[in-house]
Structures are given as structure tokens and as C-alpha cells.
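Lettering follows sequence order; numbering is per chain, from 1.
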Protein chains: 2
Amino acid sequence: MGLSKTEEFRQSDINVARYAKALAHPARIAILRILVDRSSCICGDIVEELPLSQSTVSQHLKELKEAGLIKGEIEGKKVCYCIDDQAWKQAQQLIEDLFARYKPCCTSCC
Amino acid sequence: MGLSKTEEFRQSDINVARYAKALAHPARIAILRILVDRSSCICGDIVEELPLSQSTVSQHLKELKEAGLIKGEIEGKKVCYCIDDQAWKQAQQLIEDLFARYKPCCTSCC
DNA sequence: ATTTATAATCGTAATATTACGATTATAAAT
DNA sequence: ATTTATAATCGTAATATTACGATTATAAAT
């Protein structure tokens, strides 16, 4: 990837891109939907709902955790995951702001 | 990447992920912001606003075009880009629906 | 103390992404 | 007809992502 060049962009663009990247895989969207619907969920149940191996799911969970969108709590030998309220709202705000900024103008493209 | 496994997920999850992937780089967010603000823009002007080479910008434009979010119109030897109304709204809807489905519950995580 | 269940991590393979310089195709200008 | 400007494409290098089996660490159950 040559060099990442990430530092040369606006901080807010970097943040939007970072959250979007966390959403950039169907498995992660599926995981988030599960957590949104159930409000919390044991890791094992997530694994069972996805057509992926335990290790792969674990990897996706890790990425979501690193993006901040979810958090996990150890409960005995199980781990319970849920949405992280703060980051969720921040991501929502940032992404919705981008989309909302667009006003389709009367004259068509170009 | 082993096998892509994409076909085993919900179509709507695949679509959300596809749009999110298009947004998953600061350069592409910057490009979209430029187009949103100006309603249309010559390719060359976009290149000048980004800290990337012409070929790299062209590549990012191609990805946005492939995701459907933008379209380009040839105008003489220049190319004018703009937001694609339809896809923009679809992406907005899909992503906002995901975020909106979350209702922070009284009891904290897990 | 040993076994079992759970989920993270490691190692690895296949593929995708990012970035750029060089080249190419096209249209406009000379 | 030749030159110039514009933007796409090609080729390539460096790195990231996705996926999985195997292993590991931990806690609970026996």
C-alpha cells in the first residue's frame, strides 16, 4: 500500500472512513444487527448465526471492538457482546451528516 | 482471502457493506464532500484538492462509480463528476436504518 | 486434579486495497 | 498534422483483509 497517507486528510474524514470500514463486511453488519436486536449477546450465539468459523467471527468481533462500536464483557467462560452507545452515536452522527449534506439540485448532473 | 462467502449473507447486509466499503477511505469521503458541496466537479479539480497522485485519485473515483455513488460525464477532454441521486439515497436509507434500529436500553451492557 | 467448554490468538494462504509512475486514448488547440 | 491537456488504464510494490485450522488460556464442571 505504498504509504498510508492517512495523516494528510481531515480528521473528520478519517473518522468517517474508519467507522465505514468497520461496517464494510456483511458479517459485521450481521453481527451488529444481532446485537442491536437483542441488546446483548453471548459470543457463541453470534458464531452460530453466521456461516463462518469461530476464529473468523472472533476476528470480526475484534475489528468491531477496535472501531469502538461494540464492547465485550467476560462472564465466566463466556463473553457477552453489546453495542457501545457512545461510539454508535458518534458513527451515526458522522455518517448521517455526510449523507444529509447532499441537496439534490434542480439541474441534473454536470 | 480464502473464499469470499459473501453469498451466504442477507442481501441487505451485503448492500450495506458494499456502500460502507465505498466510504471506507478518507480520500473517498473527501471526494464525496467536494461533490456534495459543489454539486458537480471537474476531475482535475478533485485531483488538486487531494494529497494523492492523479492515478490514485482516478482509482478512488472508479470505486465510487462502481459502488454507484457517483457518476461521471465526459465534457470534451475533461470529465465532470457528481453524486448519483438514486444510489446516494439508497445508501443513506440502508445505513441510517441500521443505526436507527438501535435503542439504548435502560440496563447497561450485558 | 482432570476434563470440558468457550473464545482469543497464532500461523498461514489467498486475495484485495492503496499508491504511484509510465503509458495510453481522446479531444482541443495550434 | 502536431502538440498539448486531461483522465483512464497498466504494471508493480507494499500492505491489509478475509478465512480457517490448530493451539492456547481461562473458567466451570466433574
Side-chain angles (χ1 to χ4, degrees), chain A residues 1-9 13-14 17-31 34-35 40-67 70-82 110, chain B residues 1-9 13-14 17-31 34-35 40-67 70-82 110:
Chain A
M1 217 183 264
L3 286 169
S4 89
K5 292 270 182 140
T6 299
E7 52 311 316
E8 306 201 39
F9 293 96
D13 287 353
I14 293 170
R18 223 176 58 87
Y19 283 125
K21 198 169 200 170
L23 303 179
H25 194 286
R28 294 196 289 273
I29 300 297
I31 291 171
I34 292 170
L35 295 180
S40 83
C41 193
I42 294 299
C43 176
D45 295 342
I46 296 170
V47 171
E48 288 200 345
E49 292 219 30
L50 298 182
L52 297 171
S53 74
Q54 179 266 319
S55 60
T56 303
V57 172
S58 196
Q59 217 170 172
H60 284 302
L61 286 166
K62 190 183 175 193
E63 277 178 70
L64 288 170
K65 231 187 316 179
E66 279 169 1
I70 68 172
K71 46 191 177 179
E73 219 164 72
I74 298 167
E75 287 188 350
K77 66 184 170 186
K78 302 191 176 184
V79 174
C80 183
Y81 282 101
C82 65
C110 304
Chain B
M1 218 183 264
L3 286 171
S4 90
K5 292 268 183 141
T6 300
E7 52 310 319
E8 308 201 39
F9 293 96
D13 287 354
I14 294 170
R18 223 177 57 88
Y19 283 125
K21 198 170 199 170
L23 303 180
H25 194 287
R28 293 197 289 273
I29 300 297
I31 290 171
I34 292 170
L35 295 180
S40 84
C41 194
I42 292 300
C43 176
D45 294 341
I46 297 170
V47 171
E48 287 201 345
E49 291 219 29
L50 299 181
L52 298 170
S53 74
Q54 179 265 319
S55 59
T56 303
V57 173
S58 195
Q59 217 171 173
H60 284 301
L61 286 167
K62 190 183 174 192
E63 277 177 72
L64 288 170
K65 232 188 315 182
E66 278 169 3
I70 67 171
K71 47 190 177 178
E73 220 165 73
I74 298 168
E75 288 188 347
K77 66 184 170 186
K78 302 190 174 183
V79 174
C80 183
Y81 281 100
C82 65
C110 303

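Of all heavy-atom pairs between B:Ala67 and B:Ala22, the closest is CB-CB, 3.6 Å. Taking every heavy atom of both residues into account, A:Cys41 and A:Leu35 meet most closely at CB-CD2, 3.6 Å. Contact record, A:Phe9 with B:Leu50: CE2-CD2, 4.1 Å, taken as the closest heavy-atom pair.
With C:dT17, C:dA8, D:dT18 as the candidates, the nucleotide lying closest to the side chain of B:Lys21 is C:dT17. Closest to the side chain of B:Arg28, out of D:dA8, C:dT18, C:dA7, is C:dT18. You'll find that the side chain of A:Ser55 is closest to D:dA22, out of D:dA22, C:dA7, C:dA19.
The CD atom of B:Glu73 sits 16 Å away from the C1' atom of D:dA7 (whole-angstrom rounding). Across the protein-nucleic acid pair, A:Glu66 atom CD and D:dT18 atom C1' stand 15 Å apart, rounded to whole Å. Atom NZ in B:Lys62 sits roughly 22 Å away from atom P in D:dT6 (whole-Å rounding). Computed from coordinates, the A:Ile42 CD1 to C:dA8 P distance equals 11 Å when rounded to whole Å. The distance from atom CD of B:Gln59 to atom C1' of C:dA22 is 14 Å, rounded to the nearest whole Å. Atom NE2 in B:His25 sits roughly 15 Å away from atom P in D:dT15 (whole-Å rounding). For the pair A:Arg18 CZ and D:dT17 P, the interatomic distance rounds to 12 Å; values are reported in whole Å. Between B:Leu61 atom CG and C:dT17 atom P the separation is 16 Å, expressed in whole Å.
Counting only Watson-Crick and G-U wobble pairs whose two key distances fall under 3.5 Å, DNA chain D forms stems of three or more stacked pairs at C:1-30 with D:1-30.
The phosphate of C:dA19 has OP1 or OP2 within less than 4.0 Å of a side-chain N or O from B:His60. Contact between the side-chain N/O atoms of B:Ser58 and the OP1/OP2 oxygens of D:dA7 is not found at any separation under 4.0 Å. Under 4.0 angstrom from either OP1 or OP2 of D:dA8 there lies at least one side-chain N or O belonging to B:Tyr81. Note on A:Ser53: every side-chain N or O is 4.0 Å or more away from OP1 and OP2 of D:dA19.
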Listing time: all N or O pairs from protein to nucleotides 23-28 of chain D that are below 3.5 Å?
none

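We find the CD1-CG distance between B:Ile70 and B:Leu64 to be 4.5 Å, quoted to the nearest 0.5 Å. Between atom CD1 of residue B:Ile31 and atom NE2 of residue B:His25 there is a gap of 9.5 Å, rounded to the nearest 0.5 Å. For the atom pair B:Arg18 CZ and B:Glu66 CD, the distance stands at 9.0 Å (nearest 0.5 Å).
Checked against side chain to side chain contact (heavy atoms under 4.5 Å, CB included), B:Ile42 has the following partners two or more places apart in sequence or in another chain: B:Asp45, B:Glu75, B:Lys78, B:Cys80.
Looking only at side-chain heavy atoms (C-beta outward), B:Lys65 and B:Tyr81 come within less than 4.5 Å of each other. Taking 4.5 Å as the limit, every side-chain heavy atom of A:Leu23 sits out of range of all side-chain heavy atoms of B:Tyr19.
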Please tabulate, one pair per line, all N/O donor-acceptor pairs under 3.5 Å involving side-chain atoms of residues 54-63 of chain A, not counting sequence neighbours.
unit_1: A:Ser55; atom_1: OG; unit_2: A:Ser53; atom_2: OG; d: 3.3
unit_1: A:Thr56; atom_1: OG1; unit_2: A:Ser53; atom_2: OG; d: 3.0
unit_1: A:His60; atom_1: ND1; unit_2: A:Arg28; atom_2: NH1; d: 2.9
unit_1: A:Glu63; atom_1: OE1; unit_2: A:Arg28; atom_2: NH1; d: 3.3

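In this structure, A:Glu63 reaches the sugar-phosphate backbone alone: every heavy-atom distance under 4.0 Å involves primed, P, OP1 or OP2 atoms, never a base.
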